Amino acid sequence: MHIRGDHAELVVGGRLDVRSAADARTVLHSAVDDGVGDLVLDLSELNSWDATGLGVIMGVHRRAGRCGRRLVLRDVPPQLQRLLVATRLHRILAIEGGIGVDTLPRV
């Protein structure tokens, strides 16, 4: 997994899973704490995430809210969009451009 960017926009790539969760959490929490305004997570390079990775995203979302910021997901890959819809988290998280539930391919 890799994360690059600044306190306003970060690109997350690779796998966000149980093995990378602690490192990702540290980097993302620092970005929330050190910035202002929206924190955009570009997920276009993210290959997969598991429940632990999704938990990291939700934790960052809550932390951002407590800091007066908003977490915004950008370029969420289709397979990850399906997971957000299945868990109904697409209703809670800010997703740039939204998720077209009717346009998602069926698995």
Side-chain angles (χ1 to χ4, degrees):
M1 189 218 44
H2 64 271
I3 300 175
R4 65 180 189 278
D6 56 26
H7 305 299
E9 184 173 339
L10 296 166
V11 177
V12 180
R15 296 174 55 110
L16 183 53
D17 57 18
V18 69
R19 287 177 284 175
S20 61
D23 292 337
R25 186 178 296 111
T26 300
V27 172
L28 295 174
H29 283 190
S30 291
V32 168
D33 295 345
D34 295 341
V36 294
D38 288 352
L39 173 60
V40 177
L41 290 187
D42 182 327
L43 303 180
S44 60
E45 297 178 16
L46 191 63
N47 299 326
S48 65
W49 58 18
D50 65 6
T52 306
L54 190 54
V56 169
I57 297 295
M58 291 309 298
V60 173
H61 166 76
R62 286 189 298 275
R63 189 179 191 104
R66 287 192 304 267
C67 292
R69 299 186 73 185
R70 184 174 72 134
L71 178 68
V72 179
L73 304 182
R74 174 183 291 158
D75 292 332
V76 181
Q79 69 273 18
L80 303 180
Q81 288 182 21
R82 284 191 295 276
L83 181 60
L84 291 176
V85 170
T87 57
R88 297 184 182 261
L89 292 175
H90 70 291
R91 296 179 179 192
I92 297 169
L93 295 167
I95 301 168
E96 195 173 81
I99 290 181
V101 176
D102 295 332
T103 62
L104 289 176
R106 296 198 184 265
V107 178

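Computed from a prediction, not measured in an experiment: that's the story for all the values here. One-based numbering along the sequence shown.
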Main-chain N/O of A8 paired to D6 side chain as donor or acceptor, under 3.5 Å: yes
Test item: R69 side-chain N/O and V32 main-chain N/O as donor-acceptor pair under 3.5 Å: yes
Gap between atom [atom2] of [Y] and atom [atom1] of [X] - 0.5 Å precision:
X   : Y   : atom1 : atom2 : answer
Q79 : L84 : CD    : CG    : 10.5 Å
R74 : L41 : CZ    : CG    : 10.0 Å
D33 : R66 : CG    : CZ    : 9.5 Å
E96 : L43 : CD    : CG    : 10.5 Å
S20 : I3  : OG    : CD1   : 8.0 Å
I95 : L89 : CD1   : CG    : 8.5 Å

4.5 Å side-chain heavy-atom contact, E45 and H2: yes
Any R63 side-chain heavy atom under 4.5 Å of L71 side chain: no
Kindly work out whether a path of hydrophobic side-chain contacts (I/L/V/M/F/W/Y, heavy atoms less than 4.5 Å apart) joins [X] to [Y].
X   : Y   : value
V11 : V40 : no
L16 : V85 : yes
M58 : M1  : yes

Shortest non-hydrogen contact from A31 toward H7: CA-ND1, 3.5 Å
Taking every non-hydrogen atom, the tightest pair across E9 and L39: N-CD1, 4.3 Å
Non-neighbouring partners of R25 that pass salt bridge (Lys or Arg N to Asp or Glu O under 4.0 Å), sequence neighbours left out: none
Step-by-step side-chain contact (heavy atoms from CB on, under 4.5 Å) determination, V60 to H29: CA-CA 6 Å; V60 173; H29 283 190; 3.8 Å; yes
Enumerate donor-acceptor pairs with a distance under 3.5 Å from any side-chain N or O in residues 46-57 to protein atoms, sequence neighbours excluded.
residue: D50; atom: OD1; partner: T52; partner atom: N; Å: 3.0
residue: D50; atom: OD1; partner: G53; partner atom: N; Å: 2.9
residue: D50; atom: OD2; partner: V18; partner atom: N; Å: 3.1

